[in-house]
Amino acid sequence: MKNYDIIFFDIDDTLFDFTKSEQEAFNKVFNKYDLLNSLKLYEKSYQEISKVLWRDLEDGKMSLIELGSERFRRLFLEHELEIDAAVFNQDYLEFLGEQTHLVQGAEKVINSLSHKRLAIITNGYTDVQTSRINNSPLKDIFEHIIISESTGFQKPQMEIFDYAFNKLNIKDKSNVLMVGDSLTSDIQGGMNYGIDTCWFNHKYKENNTSLKPTYEINKLESLLEVIK
């Protein structure tokens with residue numbers, strides 16, 4: 001247990017249930033285009049495509065704007081659908097921005113840590129992430145919400161942490177903790193920047209990387225045992 005004064009949180013699959021949010025947004029957008037009959041097939045293809053593209057984003061090989069339409073362009077090409085990928089992506093993002101499903105224990109943990117300085121560092125779209133937070137029970141809790149689209153950088157790039165430290169006027173890295181579910185984004189980024197990290201491994205994944213987070217938890221409530 002350590003006395004961290006400043007805690008950075010990831011959003012998706014850390015505080016918000018992204019799987020459930022994505023599922024509902026998918027249902028709504030594919031229903032809008034009368035494509036529900038083959039939804040499971042499209043979802044499977046989309047997940048494979050999206051995984052590759054998000055890794056490319058983390059590696060700096062493409063921008064977030066490019067990723068948005070490219071994932072659906074590849075999906076529609078694979079399934080021979082004549083749909084404007086950019087328009088479809090915008091519709092999807094609007095539905096996604098409506099989703100406010102929290103991970104179990106998120107509200108309790110955040111309220112328990114409200115005496116600390118709390119902030120968000122997330123990769124994603126500004127309008128979507130801002131909408132989800134502002135319409136959730138976590139509204140008005142965070143000192144700053146730092147989103148990759150707004151900064152021009154994404155985790156694990158050091159520049160987004162520079163931006164966060166400047167925003168919060170942080171001088172001492174030793175009392176800062178980064179909490180997130182992604183080894184390659186949250187943990188890699190935090191380690192590269194020289195701050196302690198907590199891997200929220202709620203899906204019980206094997207760590208087959210060389211990355212060694214400071215802490216590993218499987219339930220978000222366990223974070224309260226990490227922080228003094």
inquiry  = Under 3.5 Å, is there a donor on one side chain and an acceptor on the other for Lys219 and Asn201?
reply    =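 No donor-acceptor contact under 3.5 Å links the two side chains.
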
query = When you look at Glu98 and Lys28, which way does the salt bridge (Lys or Arg N to Asp or Glu O under 4.0 Å) test go after all the steps?
reply = CA-CA 11 Å; Glu98 298 171 357; Lys28 290 185 177 183; 3.4 Å; yes

key: Presence of salt bridge, Arg74 and Glu70, under 4.0 angstrom   =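 Salt bridge between Glu70 and Arg74, a charged N being under 4.0 Å from a carboxylate O: yes.
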
Flag the pair [X] / [Y] as yes when at least one side-chain heavy-atom distance between them is below 4.5 Å, and no otherwise.
| X | Y | answer |
| --- | --- | --- |
| Asp186 | Phe200 | no |
| Ile133 | Phe16 | yes |
| Lys2 | Ile227 | no |
| Tyr215 | Trp199 | no |
| Trp54 | Arg71 | yes |

key: Evaluation steps, salt bridge (Lys or Arg N to Asp or Glu O under 4.0 Å), between Lys20 and Glu24   = CA-CA 6 Å; Lys20 188 171 183 179; Glu24 291 205 15; 5.0 Å; no

Derivation of the ring-ring contact (aromatic ring centres under 6.0 Å, His included) call for Tyr42 and Phe26 = CA-CA 10 Å; Tyr42 299 144; Phe26 249 78; 9.2 Å; no

Pair listing, ring pair (Phe, Tyr, Trp, His ring centres under 6.0 Å) test, anchored in residues 115-162, at least two apart = Phe161-Tyr193

query = Is Val179 linked to Leu168 within one hydrophobic cluster, defined over Ile, Leu, Val, Met, Phe, Trp and Tyr using a side-chain heavy-atom separation of less than 4.5 Å?
reply =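 In one cluster with Val179: Leu168, no.
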
